[in-house]
S.K.: 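Have a look at this one before I ask anything.
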2 protein chains.
Amino acid sequence: MNIRDVAAAAGVSVATVSRVLSPKPGSQTVRPETRQRVLEVVDRVGYRPNDLARALLQDRTATVGLVLPDISNPYYPPLVRGVEDAASTLGYRVMLCNTDRDEEKTATYVDTLIKTRVDGIIIAGGSTTMPMLRDVFEPYRTKVVVVGRHELEYPSIQVDNVAAMGEVIGYLTGLGHRRIGFIAGPASSITVQDRVEGYRAALRAAGIGYNEDLVREGDLQEQSGYDVAGELAAQPTRPTALVAANDRMAVGAMAALTDAGLRVPADVSLVGFDDVSLASYIRPALTTVSVPTYDMGGAAMELLAREFEEGGGTPEPGARVLSTTLMVRESCAAPPR
Amino acid sequence: MNIRDVAAAAGVSVATVSRVLSPKPGSQTVRPETRQRVLEVVDRVGYRPNDLARALLQDRTATVGLVLPDISNPYYPPLVRGVEDAASTLGYRVMLCNTDRDEEKTATYVDTLIKTRVDGIIIAGGSTTMPMLRDVFEPYRTKVVVVGRHELEYPSIQVDNVAAMGEVIGYLTGLGHRRIGFIAGPASSITVQDRVEGYRAALRAAGIGYNEDLVREGDLQEQSGYDVAGELAAQPTRPTALVAANDRMAVGAMAALTDAGLRVPADVSLVGFDDVSLASYIRPALTTVSVPTYDMGGAAMELLAREFEEGGGTPEPGARVLSTTLMVRESCAAPPR
DNA sequence: TTGTAAGCGTTATCAA
DNA sequence: TTGATAACGCTTACAA
């Protein structure tokens with residue numbers, strides 16, 4: 001069932017069917033009766049034009065690739081939703097790719113995306129440190145937008161993780177904390193490294209030295225937060241507050257603290273990062289930093305769409321920075337005396 | 001940059017380039033040196049064949065659509081990941097569509113998916129009650145697989161929610177509970193309705209009447225679990241146990257109970273459903289039913305791929321049922337006396 | 001072993 | 001206002 005069949009059934013030429021189905025601004029020249037006849041046939045046989053043929057001809061697929069580490073990480077679903085909603089509004093389809101921060105998987109996906117000739121790609125997290133992404137898209141004029149800070153020559157949507165973490169530390173020192181432990185994350189994530197950097201810088205600014213013993217690296221999953229918090233809390237002079245690089249580890253940490261007989265926040269205060277949807281429903285409700293992931297996804301898609309319209313031109317690797325907010329809830333208090 | 005350019009640069013014909021790049025089992029007839037020459041050019045210029053053209057010709061896009069209500073619902077990410085991993089292994093791309101259980105959005109996405117000529121579609125949750133999905137795909141020989149119970153004539157991957165909920169109720173009555181409250185979900189979800197049905201049936205089987213006052217409907221989000229649990233717990237003779245139709249509402253319920261000064265499980269036992277990743281890290285750790293969503297996604301994709309291979313033939317609307325397991329953790333105890 | 005050319009389902013150009 | 005036809009980039013008979 002193709003445009004020729006429809007044309008035959010309606011007793012017109014394929015050109016006419018095309019004009020009815022894909023009206024161009026300039027040429028509104030189909031007689032109402034003819035249009036009617038065509039539409040009737042289209043409706044009767046349930047014909048839908050083949051977008052592959054259209055894309056081939058117009059060199060435009062109306063599809064974007066969304067590359068991220070792992071959709072199972074609760075940080076990403078709102079971002080994906082933001083991209084998807086904006087894409088759907090703007091008339092684009094979204095192809096999802098989970099890389100697990102793995103170079104080989106990333107390379108394979110990039111290959112696939114280029115072969116399908118996606119109009120653009122949104123890279124969120126993880127892959128942004130991979131140099132392989134630098135030039136692959138160039139010959140195909142594939143537009144790229146990055147979500148998060150990165151080392152690539154593409155425009156991006158960001159959040160100031162250093163400053164946000166500074167606000168967290170400021171809040172804690174304001175409460176009187178001096179021994180503030182940190183549950184860090186993998187070096188492969190620039191986002192996480194910025195949070196670590198924010199922790200360091202703020203501590204220094206507050207006149208508190210950076211103490212290596214108070215920092216341990218997790219893998220961003222709940223269990224590692226549980227493990228690391230357990231170690232940190234078991235130290236001879238334990239920290240009076242714990243900050244985690246993300247909420248998943250913070251939740252794990254809260255469990256560990258509770259299991260160790262420690263009360264949050266009476267014995268140790270706890271702060272997370274991301275403001276995942278469950279954060280406000282655990283008890284004590286988790287104090288954390290809200291990151292506008294949904295908006296970031298939407299903004300990335302919109303930025304991409306704008307680049308499509310502008311057509312050629314250089315990418316302009318500027319960054320748009322959205323703001324975070326510290327969500328003060330119940331998991332922090334003054335340190336025990 | 002197309003196959004002709006490559007052919008010219010390598011001093012061969014386009015047919016030869018094609019044969020090198022897309023070797024068919026039958027025709028291994030390219031001289032090694034020629035092949036070498038072609039591959040060198042391909043590598044040098046970074047050429048990637050246009051899959052649109054290939055798809056147009058072969059009537060096969062190697063793409064599947066994944067239609068679900070909302071990726072932000074923590075139930076879905078593992079399912080999506082399961083689909084994606086299997087798809088990537090089998091050589092398929094995945095196009096994501098969030099319908100919000102909305103008829104119009106669903107219709108729009110279905111339209112888009114058909115226009116891109118996806119080889120198949122995986123429908124997970126929500127949309128399965130929509131009659132519009134019955135015949136749309138037929139004329140395009142688009143294969144369809146459903147995840148979850150449904151009313152459509154397609155094969156599916158399921159889980160026995162009625163039996164699983166029966167196990168939950170059995171566990172609670174075994175503990176001595178008689179007044180078991182239920183936080184239900186929207187009627188639009190067959191999955192959720194099966195859980196409600198399981199609750200009813202098991203109660204009846206246990207010789208406990210179904211008491212309308214103990215059942216209230218939520219919307220599957222945390223806040224509604226919080227609200228509904230609050231109402232249920234405020235009743236003159238409050239339930240000694242609460243079962244939620246999903247974990248998100250269970251977490252909200254736990255917060256409500258805690259805020260009302262009730263202890264879980266000493267004063268009221270609580271059971272969730274889904275075994276979301278955070279469930280085992282909240283305290284008390286949530287007793288819940290583990291649903292193999294990742295495997296379900298993978299199985300759906302594999303089933304779809306098998307249908308592609310088999311080619312024509314009738315769809316065979318059979319169901320493959322995977323099993324759930326009750327995860328007994330800390331949120332249940334015998335009822336208070 | 002390689003090349004020529006038809007054709008996949010559209011849109012766009014030009015003529016009628 | 002409509003129609004014939006050449007592309008788009010690839011694969012695949014068929015010919016050489």
Side-chain angles (χ1 to χ4, degrees), chain A residues 1-39 41-42 45-63 112 114-119 139-141, chain B residues 1-39 41-42 45-63 112 114-119 139-141:
Chain A
M1 167 62 58
N2 58 29
I3 199 170
R4 249 183 313 268
D5 301 329
V6 175
V12 297
S13 75
V14 294
T16 300
V17 176
S18 176
R19 278 188 279 257
V20 170
L21 260 28
S22 319
K24 288 284 162 297
S27 59
Q28 284 289 15
T29 51
V30 178
R31 192 160 46 137
E33 307 151 42
T34 313
R35 151 186 316 280
Q36 199 51 41
R37 199 140 36 92
V38 171
L39 288 177
V41 173
V42 165
V45 303
Y47 167 72
R48 329 248 170 156
N50 185 330
D51 270 354
L52 292 173
R54 205 184 289 209
L56 187 57
L57 200 57
Q58 310 189 131
D59 198 25
R60 174 177 182 284
T61 52
T63 304
T112 304
I114 293 185
K115 289 201 292 192
T116 26
R117 296 295 189 269
V118 293
D119 295 336
Y140 297 91
R141 287 169 296 122
Chain B
M1 169 62 58
N2 57 30
I3 199 171
R4 248 182 316 266
D5 300 328
V6 175
V12 299
S13 75
V14 293
T16 302
V17 176
S18 175
R19 279 188 278 256
V20 170
L21 260 28
S22 319
K24 287 286 162 296
S27 59
Q28 284 290 16
T29 51
V30 178
R31 191 161 45 137
E33 309 151 42
T34 313
R35 156 189 310 282
Q36 199 51 41
R37 199 141 35 93
V38 171
L39 288 178
V41 173
V42 166
V45 303
Y47 168 72
R48 330 249 168 153
N50 186 329
D51 270 355
L52 293 172
R54 203 183 290 205
L56 188 58
L57 202 57
Q58 311 189 133
D59 198 26
R60 174 177 182 284
T61 51
T63 304
T112 304
I114 293 184
K115 289 200 292 191
T116 28
R117 297 295 190 266
V118 292
D119 295 336
Y140 296 91
R141 287 170 294 125

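Convention: sequence-line order gives letters A, B, ...; per-chain numbering from 1.
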S.K.: Mind listing the closest non-hydrogen atom pair of B:Ala53 and A:Leu56 along with its distance?
M.R.: CB-CD1, 4.0 Å
S.K.: So which heavy atom on A:Asp119 is nearest to which on A:Ala62, and how close?
M.R.: OD2-N, 2.7 Å
S.K.: Rounded to the nearest 0.5 Å, how far apart are OG1 of A:Thr116 and CG of A:Leu52?
M.R.: 10.5 Å
S.K.: Expressed in angstrom and rounded to an integer, what is the separation of B:Asp5 atom CG from D:dC8 atom C1'?
M.R.: 13 Å
S.K.: Distance-only, no hydrogens or angles: does the A:Tyr140 side chain make a donor-acceptor pair with backbone N or O of B:Arg48 under 3.5 Å?
M.R.: yes
S.K.: Would you mind telling me which of B:Val12, B:Val20, B:Val17 makes a side-chain contact (heavy atoms from CB on, under 4.5 Å) with B:Thr34?
M.R.: B:Val12
S.K.: Is the shortest side-chain heavy-atom distance between A:Met1 and A:Val6 below 4.5 Å?
M.R.: yes
S.K.: Using atom types as modelled and distance alone, determine if a side-chain donor or acceptor of B:Asp5 lies under 3.5 Å from a backbone N or O of B:Ala8.
M.R.: no
S.K.: Whole Å only: how far is the CG atom of B:Asp59 from the C1' atom of D:dT12?
M.R.: 15 Å
S.K.: Please tabulate the protein-to-nucleotide N/O contacts below 3.5 Å involving nucleotides 10-12 of chain C, giving atom names and distances.
M.R.:
| residue | atom | partner | partner atom | Å |
| --- | --- | --- | --- | --- |
| C:dT10 | OP1 | A:Tyr47 | OH | 2.7 |
| C:dT10 | OP1 | A:Asn50 | N | 3.1 |
| C:dT10 | OP2 | A:Ile3 | N | 2.7 |
| C:dT10 | OP2 | A:Tyr47 | OH | 3.2 |
| C:dT10 | O5' | A:Tyr47 | OH | 3.3 |
| C:dT10 | O5' | A:Asn50 | N | 3.3 |
| C:dT11 | OP1 | A:Ser22 | OG | 2.7 |
| C:dT11 | OP1 | A:Arg54 | NE | 3.1 |
| C:dT11 | OP2 | A:Ser18 | OG | 2.6 |

S.K.: Reckon B:Thr16 has a side-chain N or O less than 4.0 Å from the OP1 or OP2 of C:dG3?
M.R.: yes
S.K.: Rounded to the nearest 0.5 Å, how far does CG of B:Leu21 lie from CG of B:Leu39?
M.R.: 7.0 Å
S.K.: If we fit an axis to the first five pairs and another to the last five of the helix from C:dT1-D:dA16 to C:dA16-D:dT1, what angle do they make, to the nearest 10°?
M.R.: 40°
S.K.: Using a cut-off of less than 4.0 Å, is there contact between a side-chain N or O of A:Thr29 and OP1 or OP2 of D:dT1?
M.R.: no
S.K.: How many whole angstroms separate atom CG of B:Leu56 from atom C1' of D:dC8?
M.R.: 9 Å
S.K.: Tell me whether the OP1 or OP2 atom of D:dT2 has a side-chain N or O from A:Thr34 closer than 4.0 Å.
M.R.: yes
